[in-house]
Structure formats: structure tokens, C-alpha cells
Amino acid sequence: MKIAIFGVGYVGLTSAACLINDGHEVIGIDVSASKVAMINAGKSPIFEPGLEELLAKGVAENRLSAFQQIDDKLEDVDIAIVCVGTPSAVDGSHNMGYIAEVSRQIAIASTLLPPRERPLTVMYRSTMRPGSLDLLIAPIFHAQHGGKPDNVELVYNPEFLRESTALKDYYAPPKIVVGTADGQPSATVEALYAGIDAPRFTVGFREAEITKFVDNSFHALKVAFANEIGRICLRESVSAKTVHEIFVSDTKLNISPYYLRPGGAFGGSCLPKDVRALTFLSNETGAETFVLDAIIRSNEAHKRFIFEMATDGLEPGARILLNGLAFKANSDDLRESPFVDLARRILSAGYDLRIWDPQLEPSALTGQNLGYSFAHLPEMTSLLLKDQAALAGMNFAAVVDARGDAKALGLETVKIVPINAIP
Ligand SMILES: NC(=O)c1ccc[n+]([C@@H]2O[C@H](COP(=O)([O-])OP(=O)(O)OC[C@H]3O[C@@H](n4cnc5c(N)ncnc54)[C@H](O)[C@@H]3O)[C@@H](O)[C@H]2O)c1
């Protein structure tokens with residue numbers, strides 16, 4: 001393939017080198033005259049293991065050249081890959097100026113293309129917020145073409161390389177995520193990555209665009225969390241190294257997909273209590289753990305969000321069925337259950353609430369469980385329904401589904417609000 005790369009910085013250059021290695025022809029386009037001159041001399045403007053050798057090979061074999069202007073160079077190009085920077089703007093958002101400018105240049109050049117068998121694939125690799133393709137880039141192309149262009153295919157493909165191992169990462173990425181306008185695969189992109197073995201996801205633009213934000217924020221969160229634990233350990237004369245070894249050895253609950261699905265708030269007898277106690281310990285020792293300190297507040301904000309989701313569009317007085325009250329299925333533990341909190345909010349807002357939780361028998365509750373549930377939901381006994389057969393005739397306005405199995409209740413005609421997994 002013939003590939004044009006816009007922006008030959010860390011991402012653009014390392015991609016160029018790997019594409020040359022794969023036998024493709026690459027042209028690099030960059031506003032920086034010095035970068036263009038160095039590349040044409042077979043030199044790399046940045047250091048990355050193995051990079052300069054591949055760039056020199058590309059230049060020597062006439063498969064790599066660099067320019068400052070596009071002119072008519074897109075004529076026989078199969079893919080234009082955009083890797084320009086998206087640095088922080090003063091307000092913290094990404095500065096999208098370079099993306100807008102390079103898109104305008106490509107859009108203008110694409111209006112001058114001779115008729116072609118396949119559309120020019122314009123693939124964005126820069127990190128940018130969800131909606132950038134739909135609300136910024138596509139309109140730039142539409143404006144130049146006087147409508148949706150039929151000779152251009154827009155694609156978003158986030159980059160997961162790490163500097164210093166970028167060439168290795170290109171051939172062994174953690175995943176390949178491709179966003180397209182209709183969520184269907186792009187034949188050109190499939191061909192480009194045919195030789196790479198990695199989990200693949202073809203999704204809509206917005207899911208692909210947010211991937212990198214989510215990944216990088218999670219990586220940053222992990223570092224901040226680990227360091228906060230490290231600070232507490234140090235202040236408490238605990239070996240942070242040993243704690244780390246124990247923590248990462250648990251691939252069942254700690255380093256695993258568990259506790260990562262967007263859905264219900266956390267609750268129960270352990271998580272809120274122990275997070276509060278660790279925060280107390282941290283404050284006492286002066287460890288200043290801002291991430292840990294924010295966890296309970298974040299969970300409270302989520303409970304409010306769930307209440308708004310559950311009652312969205314319902315007038316006070318409407319009859320709501322809450323499917324599940326204990327903090328999880330197959331348990332009758334109500335201590336700090338987020339669903340007890342939700343039930344209280346629904347009642348306080350004036351809705352006609354009923355609860356379905358067949359594992360729960362109020363007269364069997366004892367100890368703290370009994371005290372907590374009646375202190376927070378004194379009406380519990382009268383709200384709990386005991387007969388599944390009677391549910392069908394009760395005319396609910398909505399079922400708030402804390403368990404994810406509300407469909408099995410046989411209330412097909414009722415609106416089901418899933419709160420155990422945000423869709
Ligand atoms: N560096 C990484 O490790 C990494 C990893 C994944 C994703 N990303 C993302 O990829 C994007 C690029 O990152 P980078 O580190 O390669 O940036 P970089 O600053 O090294 O390179 C960007 C290049 O774009 C050029 N440029 C700017 N405007 C241009 C225009 N109108 N036409 C042509 N070239 C233009 C600049 O001269 C520069 O050479 C960013 O959005 C970044 O967040 C970076």
C-alpha cells in the first residue's frame with residue numbers, strides 16, 4: 001500500500017518505520033522543516049530503539065520520503081494516517097487546532113483526487129475526545145465537498161504504543177480498536193493489520209475515541225492508588241513491596257475484570273466500612289491520599305445518579321418495583337446496601353414503591369442487619385412483595401432492576417430500568 005502519514009512525531013515516525021518494515025511505501029508530511037530534512041536524510045528526529053535503521057532503509061529503497069506540503073501527493077495514496085499532536089489547551093481540554101488544520105488540508109486535497117476504485121481511507125490516530133470525528137472532522141470534509149464525500153472513508157484507530165518499546169508494541173499491541181461511521185469493518189484497515197495478532201474491536205467512532213482516555217486515566221489511577229498505598233505503608237512501618245507482591249498475585253479479584261463494569265454503586269458490610277477506615281488511617285498518619293479520600297464521595301454521587309436514572313420520566317406517585325434490596329443477589333445482607341438507599345430516595349421523592357427480593361425475610365433478620373435495615377427503611381416489611389404471581393396484575397410504571405433478571409418476572413410490558421449494568 002501507499003501510505004501518507006501526517007505528523008511525524010513519536011506516533012507517526014514509529015508507525016512509518018513499521019509500515020516500511022512491512023513492505024509499504026510511506027510519505028511523511030509535517031510542518032516542521034527540520035524533521036522533514038532529517039527524515040529525507042535517513043536520520044530520525046527522535047530516539048526510539050530500532051527506528052533510525054528502518055527509516056534509513058526506507059529512504060535507501062525509495063519507500064520513504066517526507067514533505068511539508070500535501071499538494072497532489074494523495075493521488076495514489078491508499079491510507080492517510082493522521083498523527084498530529086493534541087496537546088492540553090489552557091482549559092484542560094485537548095487543543096484540536098492541529099487536527100482541524102490537517103483535516104482541512106486533507107479535505108481540500110481529497111476534492112482534487114481523480115476518480116478511484118476505493119475511497120481514500122483517512123485514519124486518525126491522535127488521542128481526541130468522543131464526538132471529534134462526528135462533530136469536528138466529518139463537518140470539515142462535508143464543507144469542502146459540499147456534502148458527504150463518496151471518495152473518502154473516515155476511520156478512528158487509537159494508538160497504544162509506549163515510547164521506548166514503540167516498534168515492538170506496533171507488532172504486539174494490547175488490542176486493535178477501529179472506529180467507523182457505521183461500526184462495520186473497513187476493508188483497507190483490515191488489510192493493513194492483517195498480520196497482527198491481537199484482540200480486535202470494530203466499533204462506532206465514539207467508543208473508539210474514548211478508549212484511549214479510559215485506558216490512560218486507568219493507568220494514571222493505578223499509579224496514584226499504588227503510591228497512596230505506598231505512603232500509608234511507609235507511615236505505618238509496613239513493607240509496601242511485600243504488600244504489592246500480595247496484591248498483584250490475586251488475579252481473581254484484584255488484577256482482573258471484577259469490580260470494573262459500570263453499573264451499581266458499591267455497598268455491603270465491608271467495602272464502605274473498610275474504605276472509611278483506611279481513609280481515617282491515612283488522615284491520621286498524614287499520608288494525604290486524595291484518591292482514597294474521594295472514593296466514598298464518588299460512590300454517593302453514583303447513588304444519586306442511579307436514583308435519577310431509575311425515576312427518569314416518571315411522575316411522583318407512579319408505582320415502581322425495585323427488583324432486589326439486599327446488597328447482592330442470594331444474600332439477605334442489607335447493611336449499607338445501595339438499594340436500601342435507593343428505596344429510601346424513591347419513597348422520599350413520593351413514588352409508590354414495592355420491592356421484590358425473594359431471599360429476604362424481614363422476620364429472620366438479626367443483629368446489625370436488622371438494626372440497619374429498619375433504621376434506613378422502616379417501611380420495609382410492607383413494601384416487600386411475597387407472591388411473584390401477584391406482580392403481573394399490579395400495573396407498575398417501571399421496574400428498577402438491581403439484579404439484572406427482571407425479565408424473568410414476566411412483566412414484559414413494563415419499562416425495565418437496568419441499574420446493575422449501565423448499557
Ligand atoms: N507519544 C505517545 O506515546 C503516544 C501514544 C499514543 C497516542 N499518542 C497520541 O498521538 C498523537 C501524537 O503524539 P506524538 O507524541 O507523536 O506527538 P508529537 O508532538 O511527537 O508529533 C506531532 C507532530 O505533528 C506535527 N504537526 C502539527 N501540525 C501539523 C500539520 N498541520 N500538518 C502536519 N504535521 C503537523 C508536528 O510538527 C509534530 O511533528 C497525540 O494525540 C498523542 O496524544 C501519543
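As a basis for the values below, the full set of heavy atoms in this structure was taken, side chains included, without hydrogen atoms, waters or symmetry mates. Numbering of residues begins at 1 and proceeds along the displayed sequence. Atoms within a ligand are numbered from 1 in the order they appear, just like the ligands themselves.
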Which atoms of ligand 1 have any heavy atom of Ile29 under 4.0 Å away?
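Going through ligand 1 atom by atom, the ones under 4.0 Å from Ile29 are 33 (C), 34 (N).
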Enumerate the atoms of ligand 1 whose separation from the nearest heavy atom of Thr86 is less than 4.0 angstrom.
40 (C), 41 (O), 43 (O)
I'd like to know whether Phe305 forms a ring-ring contact (aromatic ring centres under 6.0 Å, His included) with His302, so could you lay out the CA-CA distance, the side-chain angles of the two residues, the decisive distance to 0.1 Å, and finally the verdict.
CA-CA 5 Å; Phe305 174 82; His302 193 65; 5.7 Å; yes
With no hydrogens and no angle check, is any side-chain donor or acceptor of Arg345 less than 3.5 Å from a backbone partner on Phe307?
no
Whether Asn157 side chain and Gly179 backbone form a donor-acceptor pair below 3.5 Å:
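The answer is no, because no donor-acceptor pair under 3.5 Å joins these two groups.
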Nearest neighbour of [atom] from the list [options], on a heavy-atom basis:
atom: atom 42 (C) of ligand 1; options: Val36, Thr127, Leu13; value: Thr127
atom: atom 38 (C) of ligand 1; options: Met96, Arg104, His94, Lys35; value: Lys35
atom: atom 14 (P) of ligand 1; options: Phe160, Tyr124, Tyr10; value: Tyr10
atom: atom 25 (C) of ligand 1; options: Asp30, Ile70, Ile106; value: Asp30

Between Glu228 and Ser282, is a side-chain hydrogen bond (donor to acceptor under 3.5 Å, both in side chains) present by the stated rule, with each step listed?
CA-CA 9 Å; Glu228 289 193 358; Ser282 140; over 6 Å; no
What protein heavy atom lies closest to [atom]? Include the residue and the distance to one decimal.
atom: atom 22 (C) of ligand 1; result: Gly85 N, 3.5 Å
atom: atom 30 (C) of ligand 1; result: Val31 CG1, 3.6 Å
atom: atom 32 (N) of ligand 1; result: Val102 CG2, 3.6 Å
atom: atom 1 (N) of ligand 1; result: Glu163 OE2, 2.8 Å
atom: atom 6 (C) of ligand 1; result: Glu159 O, 3.3 Å
atom: atom 21 (O) of ligand 1; result: Gly9 CA, 3.2 Å
atom: atom 16 (O) of ligand 1; result: Val11 N, 2.8 Å
atom: atom 29 (C) of ligand 1; result: Val84 CG1, 3.6 Å

What closest approach, in Å, do Cys18 and Leu167 show between heavy atoms, and which atom pair accounts for it?
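In this case the closest contact between Cys18 and Leu167 is SG-CD2, 3.7 Å.
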Would Asp333 and Arg335 pass as an ion pair if we require N to O under 4.0 Å?
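Answer for the salt bridge query: yes.
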Presence of salt bridge, Lys73 and Asp71, under 4.0 angstrom:
yes
As an exercise, state the distance from CG of Leu334 to OG of Ser269, rounded to the nearest 0.5 Å.
11.0 Å
Phe201 ring centre to Lys175 NZ or CZ under 6.0 Å, with the angle to the axis within 45°?
no
Is_contact(atom 19 (O) of ligand 1), protein non-hydrogen, under 4.0 Å
no
Please classify the [X] to ligand 1 contact at 4.0 Å (heavy-atom distances, strictly less than): side chain, backbone, both or neither.
X: Cys83; value: backbone
X: Ile46; value: neither
X: Lys212; value: side chain

From Asn420, Asn330, Asp357, residue fulfilling side-chain hydrogen bond (donor to acceptor under 3.5 Å, both in side chains) relative to Arg403:
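Option passing the side-chain hydrogen bond (donor to acceptor under 3.5 Å, both in side chains) with Arg403: Asp357.
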Please lay out, stage by stage, how Thr127 and His94 fare under the test side-chain hydrogen bond (donor to acceptor under 3.5 Å, both in side chains).
CA-CA 9 Å; Thr127 304; His94 280 152; over 6 Å; no
